[in-house]
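We count ligands from 1, going down the list as the structure has it; atoms in each ligand are counted the same way.
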Amino acid sequence: MTSAIEDTRLLDDLAALLGPRGFTRDPADLAPWLVDWRGRVRGAALALVSPADARQVAAVVTLAAAAEMPLVPQGGNTSMVAGATPPAHGRALILSLRRMRAIRSVSAADGVAIVEAGVPLQALHEAAEAEGMRFPLSLAAKGSATIGGLVSTNAGGTQVLRFGPMRALVLGLEAVLPDGSVFNGLSALRKDNRGYDLRQLLCGAEGTLGLVTAAALRLVPAIGARAVAWVGLDTPEAALGLLRRLEAATGAAVESFELVPADAVDLVLRHIPGARAPLRKSHRWNVLIEATAPKGAPDPAEAMQAVLAAGLEDGSLADAVIAASETQAEALWALRETISEAERADGVAAKHDVAVPVSAMPGFITSGRAAVEARFTGTRVIAFGHLGDGNVHFNVRAPAGADAAAWLAEEGAAVNAYVHDLVVAAGGSISAEHGIGQTKLAEYARLAEPARLAAQRAIKAALDPRGLMNPGKLVPLA
Ligand code: 2HG
Ligand code: ZN
């Protein structure tokens, strides 16, 4: 049993250990970190602790373990599933990794960067670029999302098609385990076959098995040439057909293939200042395509142009534009990357981050949308994102004119269950890239195969027997 007196003693010890830069109980300091990015889940915490290095993280974990104090790790706090929001009861500490921002090394020779957990993704992009290299994972929250969070959520983003999710880019990890020991696994060996892969276990563990303090990450050569296009077309099937033709014509050059419905373009044009329609007319479906080549390799623009011209000619595409400058390319990307923000500004939606086999996705989008809109009268499905990965964000918006928050409170659970049942029937996953966090936990427990849940609970119990690492996330209680 722990008592308030023991909690006070722990807080005093942590304050002494971390000093004023590393410890605060000031409500104003804590406030931004107590609510999730979408503003839907609120929690509370006794303090915000911000260790400066792995040694301090280990000391915090050891003290917290002795006091049986839950720890909630946080990076940029941009989780889509409230994975970094502390519990409502408030007996927890937020452990921010944001002070650990050293880029320890960038080696072009090995194609490896070693970076600490609190480094924002954008900063890693810049550091790699300065060495003629590139870290090939990107997403809309790159300015705030941190390496520790990206590893711990096995983040996806817009280049998974070619380079895989975070998991595929993590070559090594340094982490503090729940007993306070430090796992020194940063040596980025190409081959290392010593049994269970702790590094991969920690990727996507959402901080439930330990705290990632640094990562060795795969770099690839910098981009020499890139071609960015926006295409208007009639159906998701036509979009997937286009992807296959582009892949055949450009080899592995296509790295982003993002599906955007007309509704999403409308939301962006309405809510994001400076956004401009990419094509003369509105099209029911659009894709944003990026193909790249390293320096010295053939420029993919020519092949892309030929494929698009043929598609316009045979009528499978309605319209297309290839960016003529970096500024135009960035403007096209901004249209895609601000969908989430625009949707948030428009009012909360019931969000679903779903995966099905790539070839089944066009059919899933069309029939799923019709089924949901028929079952929940007035709702509007907006399905966008990573078609090339078989992953879309299948978000269901409230009926026009309705109070979106009230609608979500009343109908959200039924909508989620309905959509997730469709996903499971299609052999898919209810979380493609956002993780489980808090908001998907009940649905995950309802739908996951028993063997998966049992193994996951056994791993959690073995490594974190007291259940202090980000409790209430990812692992459903038995
Ligand atoms: C994206 O692809 C993000 O833009 C966010 O994963 C998706 O807001 C969403 O539903
Ligand atoms: Zn996404």
Side-chain angles (χ1 to χ4, degrees), residues 36-41 75-84 121 136-145 149-150 153-167 204 206 239 255-261 263-268 271-272 275 286-290 332-356 358 361 365 368-369 372 379-398 404 408 412 415-416 419-420 423 428-437 439-440 443:
D36 77 311
W37 182 79
R38 296 175 60 203
R40 289 198 53 213
V41 181
N77 197 23
T78 44
S79 170
M80 290 276 162
V81 290
L121 179 55
L137 182 141
S138 191
L139 37 73
K142 55 185 169 286
S144 47
L150 295 163
T153 58
N154 181 28
T158 48
Q159 272 98 36
V160 174
L161 183 60
R162 181 160 173 201
F163 297 104
M166 199 64 184
R167 216 181 255 303
E206 302 187 14
E255 59 178 63
S256 304
F257 196 85
E258 297 285 313
L259 185 70
V260 182
D263 294 357
V265 178
D266 290 347
L267 279 180
V268 170
H271 292 288
I272 305 295
N286 305 263
V287 282
L288 172 61
I289 309 159
E290 174 158 325
L332 294 179
W333 265 112
L335 282 174
R336 161 63 186 94
E337 290 198 319
T338 52
I339 296 174
S340 198
E341 209 179 308
E343 189 198 81
R344 185 173 72 151
D346 203 66
V348 287
K351 277 181 179 297
H352 311 96
D353 165 38
V354 308
V356 299
V358 179
M361 186 52 97
I365 292 172
R369 179 177 176 166
V372 168
T379 57
R380 298 153 300 163
V381 169
I382 171 166
F384 67 93
H386 324 292
L387 180 67
D389 307 331
N391 166 211
V392 295
H393 303 299
F394 192 93
N395 297 343
V396 183
R397 293 158 68 211
L408 194 64
V415 173
N416 293 344
V419 172
H420 290 155
V423 172
S429 166
I430 68 162
S431 179
E433 61 169 5
H434 293 166
I436 299 296
T439 59
K440 304 281 181 226
E443 282 292 89

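- Applying the 4.0 Å criterion to heavy atoms of H386 picks out, from ligand 1, the atoms 2 (O).
- D36 contributes a side-chain N or O that, together with a main-chain N or O of V41, makes up a donor-acceptor pair within less than 3.5 Å.
- The shortest separation from a heavy atom of I339 to ligand 1 is not under 4.0 Å, leaving the residue out of contact.
- The proximity of D353 to ligand 1, defined as any non-hydrogen pair under 4.0 Å, does not occur for either the backbone or the side chain.
- Counting backbone and side-chain atoms alike, E433 contributes an N/O/S atom closer than 2.8 Å to the Zn ion (ligand 2).
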For M166 and E433, what are the C-alpha separation, side-chain angles and deciding distance, and is it a side chain to side chain contact (heavy atoms under 4.5 Å, CB included)? CA-CA 10 Å; M166 199 64 184; E433 61 169 5; over 6 Å; no

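- Distance check, rounded to the nearest 0.5 Å: CG of L288 to CZ of R336 gives 8.0 Å.
- Looking at atom 2 (O) of ligand 1, its nearest protein heavy atom turns out to be R336 NH2, 2.7 Å.
- Those atoms of ligand 1 that come under 4.0 Å of a heavy atom in F384, given as number and element, are 4 (O), 7 (C), 9 (C), 10 (O).
- Every atom of ligand 1 with a heavy atom of H393 under 4.0 Å away is listed here by number and element: 1 (C), 2 (O), 3 (C), 6 (O), 7 (C), 10 (O).
- Atoms of ligand 1 lying under 4.0 Å from any heavy atom of M80, numbered from 1 in the order shown and given with element: 5 (C), 8 (O).
- In terms of protein heavy-atom proximity, atom 6 (O) of ligand 1 is closest to H434 NE2, 2.7 Å.
- Annotation: the span from T153 atom OG1 to H434 atom NE2 amounts to 9.0 Å, rounded to 0.5 Å.
- Atoms of ligand 1 found under 4.0 Å from any heavy atom of E433, numbered from 1 in the order shown, are 2 (O), 6 (O).
- Separating the CD1 atom in I339 from the CZ atom in F384 is a distance of 5.0 Å, to the nearest 0.5 Å.
- Considering only heavy atoms from C-beta on, M80 stays 4.5 Å or farther from H393 through its side chain.
- Looking only at protein heavy atoms, the nearest one to atom 9 (C) of ligand 1 is K351 NZ, 3.1 Å.
- The distance from atom CZ of F394 to atom CE of M361, rounded to the nearest 0.5 Å, is 9.0 Å.
- A donor-acceptor pair under 3.5 Å is absent between the side-chain atoms of D353 and the main chain of S431, judged by distance alone.
- An angle of 100° is found at the Zn ion (ligand 2) between H386 atom NE2 and H393 atom NE2, rounded to 10°.
- Each of the following atoms of ligand 1 lies closer than 4.0 Å to a heavy atom of S340: 5 (C), 8 (O), 9 (C).
- When each of R397, H271, K351 is tested with E343 by the rule side-chain hydrogen bond (donor to acceptor under 3.5 Å, both in side chains), just one qualifies, namely K351.
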